[in-house]
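What follows is one structure encoded as structure tokens, with my remarks underneath.
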Amino acid sequence: MDTGDVIVIGGGAVGCAAAYFLAKDGARVTLLEKDAVASAASGYAMGLLSPLSGAGIPGPLEELSLQGFYAHRDLAAELKEATGVDYHARPQDSLNLAFSEEDARGLEVIADYCQKVDGVSSRWLDGSDVMALEPRISPSVWKGLLIEGAWLLDADLYTRALAEAARRLGADVRQARVTGLKRSGSNLSVQTSDGSLEAGSVVLALGPWAGDASSWLGVPVPISPLKGQILRMDIPGPPPACSLNYASNYAGAKADGLVWIGTTEERVGFDDRPTEEARAAILRSVAAFFPPVAEGTVARQTACLRPVAPDGLPIIGGVAGWDGVYLATGAGRKGIVLSPSMGRAAADLVLEGRSRLPVDAFSPARFQPAA
Ligand SMILES: Cc1cc2nc3c(=O)[nH]c(=O)nc-3n(C[C@H](O)[C@H](O)[C@H](O)COP(=O)(O)OP(=O)(O)OC[C@H]3O[C@@H](n4cnc5c(N)ncnc54)[C@H](O)[C@@H]3O)c2cc1C
């Protein structure tokens, strides 16, 4: 099918994955990014690939999340071969801590769900087994759910590897800010800071800025930014034996030799500056379950914005009244694990008019006012 030039807007993990799969399938692709590839959340995410929890899991997001996880295990070798970039994708066990019966009950759903995931298993540890695995955990720990076969990667290098692989397949990756879309008859064009580009199809992967497309398209794209911060820590002694999770916070050893700890969920608009308040709050919450961080030094603090829809689910699909224009955003806390699925779905929609992955539940039409 000749889809003409496909323009992907947004050089985050989702846009770069879409550009990669499109280019791999032979489309002529231009990727437009207003700043630099991976300059927003995709360049600063923790990089945990957990298909096991979050909004819509278990539930409508389950399959997309699982397929994203499986695709990552193949992509790591594929992208390394294509680009030479090693983005440190590797299995890293993950220990979910429970300090009370109620905490443990909250983890049961994850324990059950693990049975569905190929190559992933879980087992309960009592408090003494938890301390044997990682003796520096707060001794008041009651139980732990150890997930074996979880994966971790460097999200910044991963996103850049996708863009570079797309470029090597012929995609034109450019810096330009998109300011609008125009349809005249059967012609579609993209307005940019650098002039106008003709397009056969367009994928809007604008992350938290997807709401800007509402005025371009005249349809609601109700995405808002949810700020999250991470501290990259130098801690005394060895890094934690596995990734540690408690409630919505975590600590994990990364390939840069530092221990990354997070995070926050802040509704503060598009302000993405690191703050002292978040630094104190993250240190306090993580030190409560992994005390060595209180003795460490902060090597770097980062802040960035997750794209979130009102129902917490992604928005993937064609835009009503705009043939050939597709949205792919709203991955919230899971955009790295979901990016191969969202990119694959966007590429399928452009090239085949339908997605091989189940994305109907994520159609932008769910936010259209009833006619
Ligand atoms: C602290 C934190 C930790 C996280 N940890 C994880 C994790 O461990 N695992 C996980 O799966 N997810 C994680 N996430 C979530 C993940 O980072 C996001 O869901 C994901 O990066 C979103 O990707 P995206 O491509 O949709 O958006 P983005 O990465 O925001 O990319 C969108 C791009 O579009 C560009 N753009 C916007 N408007 C325009 C325009 N008009 N013209 C041209 N370009 C434009 C932007 O500059 C940006 O580069 C984390 C998020 C945070 C904040």
Side-chain angles (χ1 to χ4, degrees), residues 7-19 30-51 53-55 65 68-69 72 92 94 150-156 158-159 162-163 174-181 190-194 202-213 215-216 223 225-232 243 245 248-250 252 254 260-266 270 272 274 278 282 301-309 314-316 327-343 346:
I7 299 188
V8 177
I9 308 170
V14 173
C16 291
T30 301
L31 174 70
L32 302 177
E33 162 56 50
K34 69 180 165 66
D35 296 320
V37 164
S39 57
S42 301
Y44 298 94
M46 178 70 181
L48 290 170
L49 301 181
S50 169
S53 60
S65 186
F69 177 70
H72 268 293
Q92 177 157 298
S94 164
W151 276 55
L152 186 74
L153 53 67
D154 181 315
D156 177 43
Y158 159 67
T159 305
L162 282 169
R174 294 194 210 170
Q175 190 195 1
R177 173 187 291 274
V178 172
T179 54
L181 296 186
V190 174
Q191 267 59 60
T192 83
S193 46
D194 252 4
V202 172
V203 176
L204 295 158
L206 305 168
W209 294 273
D212 291 352
S215 61
W216 309 344
I223 289 289
L226 183 63
K227 182 173 175 180
Q229 305 198 36
I230 287 183
L231 307 180
R232 304 183 188 185
S243 297
N245 304 303
S248 56
N249 293 307
Y250 45 72
K254 296 281 292 187
W260 291 24
I261 68 172
T263 182
T264 57
E265 291 193 353
E266 304 162 67
F270 286 91
D272 63 357
I282 294 170
Q301 179 175 359
T302 61
C304 54
L305 307 171
R306 311 170 181 97
V308 181
I315 300 182
I316 308 167
L327 282 160
T329 181
R333 287 189 70 147
K334 304 195 71 73
I336 304 302
V337 67
L338 287 175
S339 54
S341 299
M342 292 176 68

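First listed ligand is number 1; within each ligand, the first listed atom is number 1.
- Within the 3.5 Å criterion, the main-chain N or O of S50 finds a donor-acceptor partner in the side chain of K334.
- Listed for the K254 side chain is a donor-acceptor partner under 3.5 Å among the backbone atoms of L153.
- Within 4.0 Å of ligand 1, contacts by protein heavy atoms are made from I9, G10, G11, G12, A13, V14, L32, E33, K34, D35, S39, A40, A41, S42, A45, M46, G47, L48, A176, R177, V178, A205, L206, G207, P208, W209, W216, G228, I230, Y250, T263, C304, R306, P307, A331, G332, R333, K334, G335, I336, V337.
- In this structure, Q175 contributes its side chain and E33 its backbone to no donor-acceptor pair below 3.5 Å.
- S94 places none of its side-chain heavy atoms less than 4.5 Å from the side chain of L48.
- Using modelled atom types and a 3.5 Å distance limit, the side chains of Q229 and T264 yield no donor-acceptor pair.
- The pair E265-R306 does not meet the salt-bridge criterion, since no charged nitrogen lies less than 4.0 angstrom from a carboxylate oxygen.
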